[in-house]
Amino acid sequence: MPTPVAPATPTPIPRPLPTNVLSQNGTTLELYFSSLAQGNTGLLHVAGQGIAGAKSSFLDSLVDFFPMPNDGFYGLISVSMEQTARTYNLDVLVWYEDGTRQTISTKVEVPIGSFIKQVVTLPPDKSYLADPEIERNELAKLESIFSTFTPQRLWDTSNFQLPIPSGELTSPFGAFRNFNSVMDTRHTGWDIRATLGQPVLASAAGTVAYTGLMDIRGNIVVINHGMGVFSTYNHFSQVHVTRGQTIAAGQVLGVVGNTGRTSGPHFHWEIAVNGNFVDAIQFMQMWKPS
Ligand SMILES: [Zn+2]
């Protein structure tokens, strides 16, 4: 099977037509997806006269929309890779400058994602990392980092770029993984082929939400892109940025290493939206207002 290769440099994504448009009392809600598979992100848009704000209610998450000049309000919704596949309610609450409000409701189908199975063998000095408790603790720490909601869009390009420009994807998001025949888990990001010391670039503009050493992800950089969107860059040998720093799209964050739970040097890239790890390639290729 050929190795999938994603485009190395971001080219602007043309704005697509909405897949579904609902109108209610002069306000329109547009959905830019027909269904949202496990691990996918979807874009919503509300437009009309006198709108002051909007918020979505979907899968137990309440998420604020962000304004775009003369173009209404946009919101992102996401589906965990472990969400049960079925149809769910989506409610969008819209409030107006005159103090009125209304809810526009629809349904979203969540199909099963297509995820492969993988067997990973860790070297003896890292085999202690095949431990569900270490993984739970690390996920709790990340969940806490992702729970900061910055109500502004900090990204400045319509599509995010691959952190490693060659872009050879080696291991897909969502894979069911078995480590050393002792632990089953899921792959929360994409792996990209990389060599030791290779520079790693920020996918889009934002601020550094966290840098440090984690058991599984090794030396990690987390970037907050605003509106509930975070990206993570993992297994670095060296980190070149500090917490709180403002980052431009394409800025070098550090260099590829072999720290954390690895079976060799590689680069692991994650995107989280509203607290869910999502398919970073699907997110990257989705048109986003900027
Ligand atoms: Zn990985």
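Remember, it's 1-based here, ligands and their atoms both numbered in the order they're listed.
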_When you measure from the Zn ion (ligand 1) to the N, O or S atoms of His266, does any of those distances fall below 2.8 Å?_
no

*Please confirm whether His225 and Phe160 have ring centers closer than 6.0 angstrom.*
yes

*State the atom name: nearest N, O or S atom of His268 to the Zn ion (ligand 1).*
ND1

_For Phe230 together with Phe146, are the ring centres under 6.0 Å from each other?_
yes

_Report the atom name of the nearest N/O/S atom of Asp191 relative to the Zn ion (ligand 1)._
OD1

*Between Gln38 and Glu82, does any side-chain donor sit less than 3.5 Å from a side-chain acceptor?*
no

_Centroid-centroid under 6.0 Å between Phe66 and Trp155 rings_ = yes

